[in-house]
Every structure is written in C-alpha cells, then in structure tokens.
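See below for the structure under consideration.
All figures in this text were calculated on a predicted structure; none of them were measured in a lab.
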Amino acid sequence: MTKASICTIGDEILIGQIVDTNSSHIASALDSLGIKVTRMLSIADDSDAIISGLTAQLADCDIVICTGGLGPTKDDITKPSLFSLSGSTGWVEFEAQTEVNREILHSRGLDTLESNRHQSLVPNRCDPILNRRGTAPIMAFHFDGSRFGHKAALYSMPGVPFETLAALPDVLEDIHEHFSLSEIHHHTLMTYGLAESALAEKLAEWEDALPKGIHLAYLPNPLTGVRLRLSSFTGDSEKLEAEAEKLKTILGNLVYSDCDDTLESAIGKLLRGSGRTLSAAESCTGGEISHLITTIPGASEYYLGSVTSYSAEVKCKVLGVKRECIDTEGIVSSAVAAAMAEGVRRLTGSTYSVATTGWADAYGDEHEPAGTVWIGVSGPEGTVTERRQYRNDRKRNIQRFAASALDLLRRYIEGNAR
C-alpha cells in the first residue's frame, strides 16, 4: 500500500498562531485515492529542521506533501531548503507561473516586484506545477529508488488554504501518474446510547474475528455519539460490506445512520415528506435542541417551534405543567419531562414533541443530583421518558442532554422507545 506523510512548515503553526486546516483536506483527498496517511508533522522555520524532517519522512513514506514557507519574504526558507534536499545545482524560471503572477498583481493594481519574479524560480530538479490562485508554484520532486531505497515523491504546496485546495487536484493527478494505487474502502455507522468503552466490550468477539486487512475505528463525539468506521485496505469492498451488516445486527437500534451523519439529520430524514411534525420544550438545554434541528436544510417542513421554559412559572403558565407535580416530584423528574412534552405538543399541534428538564452543572436538589436530565417524548403512541446522568462541565452536559433527547426522539419515531 502507498503510504504518505503530511508536513506543515512554519513557526506560526507551532506557536498556535494559526490553525492548520490544510492537512485534513489533503488527508481526505489522499484517502480517496487509496493512499494511507501514516503521520502528520509540523516543522519549524529552520533549514536544518526542514531538511532533516522531510528526509526522514521520505525514507519512510512513498509520498510526502508539505505546505507553507513559500512566500516572497526572506523568512520563507522552504524553497532553498528543498533546493539542498533535492541535490539541485541551479535555478530555472517557471515561465507559466511568471505569467500568472503578472496577471494577479496587475488585477490588483500592483507592479511586479523582484521578489515576485523570484517566486517563479524553482530548483532545476523540480517538476513545477502551476499555482493558478497564488504566486508560488507547487514544487514536485521525484526520487528513484537509489536515494531512499524506494520510489518517493515530495510535493511542496503554499500554506494559504484557498491556494492549496485549488492546486490539490493537480497534485493528485501527478501522484496518479507516478504511483500504482490500491483501493481503500470505508463504511461508517453512527451509533448513540453506548460509550466507546462499552461498545468495544460489546463488539470484542466480532472485532477479534475481523478478516485481515479490515480495521475498525471508534470516533466519539458528544453531539453525535460514537462513529464506527470500518476500513478495508485490501480493496475488498464485499467483505467490508458483509462485516458492516454483521455490525448492524449486533448493535440493533444503537445504529442511527449508515453513513457519516448526525442525530438531527437522521430525524429530518424520518420526518421529511411524511406530513408529520415536531416541537420542543426545553429547560436545561436552553434552545440547543432547537438549534440542532434547525441546522438541517428543509427543517421548516416538519419543525413547528419550541418553548424555552427555563423557569417553573413558564412551565406552568405556558406548557400547563401542574405546580403540585413540580412540588411533589421535583422540577427535574420524569413527571415534569412528560408534562412538558405533552404541553408543547398540545400547544403547537405537532405530531411529536421532545422535552428536557435537568441540572446542567453543580446544582441539584433532594430529588436528583447535578448532571441529571429527564427527557420526555410525546406522540400518537403516548409519552415516554428517560433519565440520563453525565459528569461533565455545564457546556458539555448541555450538549449531551440535547443529543440524548434527539436520540430518544429518534428511537420513538422508529418505534424502538415504547
């Protein structure tokens, strides 16, 4: 399998001044070609560090893509470092880049400076690739087996993200021309309801029996649950799909999507075009559920609205929760969550409703401790409630409360929560 390394060059990355977004885009593009990215590395603006860092990567990987350090100023030292690394003996002008640079500068009302002309110069052992969005060409260096013990290629790209993304297809085309690529296949399952450790325990026997070349990754997220990514590095998509089906059978309704998805999107798919509608009554989540639902395009087709009933007075006056219910059961309780869900469903006339009441931070009461949420979901088949408890900070608890509410709603609509 063809292996790759992605390197960023620049002190601004290492001191946290800017966030590297290029690497994730490049990694995704390489993966789509069947190239396995085995590492990502950040290198300081130091010539010795650049040369030694990239040399080590080329010795271990077939392809190295680096970004950054190609500007017109004196502190951009990547190009002279690559001149030395490649064993170049002189500089040549990449005339196509000179013309692009002239057009870019003139369109901005600027004259071409000597520093801009200098950017069109490349080491003579470089195969330049035109940068249509900027003034620094992409430099490609191809090495036969005598240098690193295997055929290798080094691509130096600009650090400016929109330039990198625009030039990436040309780099991928060059990679295609120089390497025989295998296929990588992925199958993603989205799950909610079990933590990563519990899922791993549940899947241990199945995972131990996976065919060679198929790998499972656990990718947890508080808003979407645990994403399970099955990968095949052998090009055998049929075995991969067979294992995905086994996985779905084992996990049952813990799986809410067969692709990289979110809970709010899965709910949208269940409701869109069905004529069924939804409303929400939120206390501890403070509008987070509404926010998530309305991030989905077309949510207006099924989502009617919400009541953020943060106080007991609003719960009683707007949603019709009985005061004695709060006094007897506690404001964070199954009874109040059910009454809130039924109240907002009655108020809006929606088919389904979801409600939350809980303690998001250090406060609790004699009924429930901090970190507890009661969720209510109401619909044509009646009302169900569910209790969840988390031990995170306030913000993370609110996120988990909202995600848990969406999951119960999803299971109710699918018929798995009653």
**Pairwise side-chain contact, P169 with L172, heavy-atom cut-off 4.5 Å (strictly under)** = no
**Item:** Partners passing salt bridge (Lys or Arg N to Asp or Glu O under 4.0 Å) against R387 (at least two apart in sequence or in another chain)
**Value:** E368
**Asked** Side chains of L304 and L278: does their closest heavy-atom pair fall under 4.5 Å?
**Response** no
**Salt bridge flag under 4.0 Å for residues R132 and E103** = no
**Donor-acceptor contact below 3.5 Å, side chain T357 vs main chain I331** = yes
**Item:** Donor-acceptor under 3.5 Å (N124 side chain, V92 main chain)
**Value:** no
**Residues in side chain to side chain contact (heavy atoms under 4.5 Å, CB included) contact with T294, at least two apart in sequence or another chain** = Y303
**Item:** Pairing residues for E177 by the side chain to side chain contact (heavy atoms under 4.5 Å, CB included) criterion, not counting sequence neighbours
**Value:** E173, D174
**Asked** Can you pull the side-chain hydrogen bond (donor to acceptor under 3.5 Å, both in side chains) pairs that have at least one residue in residues 50-66, sequence neighbours excluded?
**Response** S5-Q57, R39-D60
**Message:** The criterion is salt bridge (Lys or Arg N to Asp or Glu O under 4.0 Å); which residues satisfy it with K322, sequence neighbours excluded?
**Reply:** none
**Prompt:** Do the charged groups of E342 and R345 touch, with an N to O distance under 4.0 Å?
**Reply:** no
**Prompt:** Hey, does the Lys NZ or Arg CZ of K151 hover above the aromatic six-ring of F143, less than 6.0 Å from the centre and inside 45° of the axis?
**Reply:** no
**Request:** Please say whether more than 12 non-hydrogen atoms of neighbouring residues, nucleotides or ligands are located less than 6.0 Å from CD in E201.
**Result:** no
**Request:** Could you tell me which residues satisfy ring-ring contact (aromatic ring centres under 6.0 Å, His included) with W206, sequence neighbours excluded, listed by chain and number?
**Result:** none
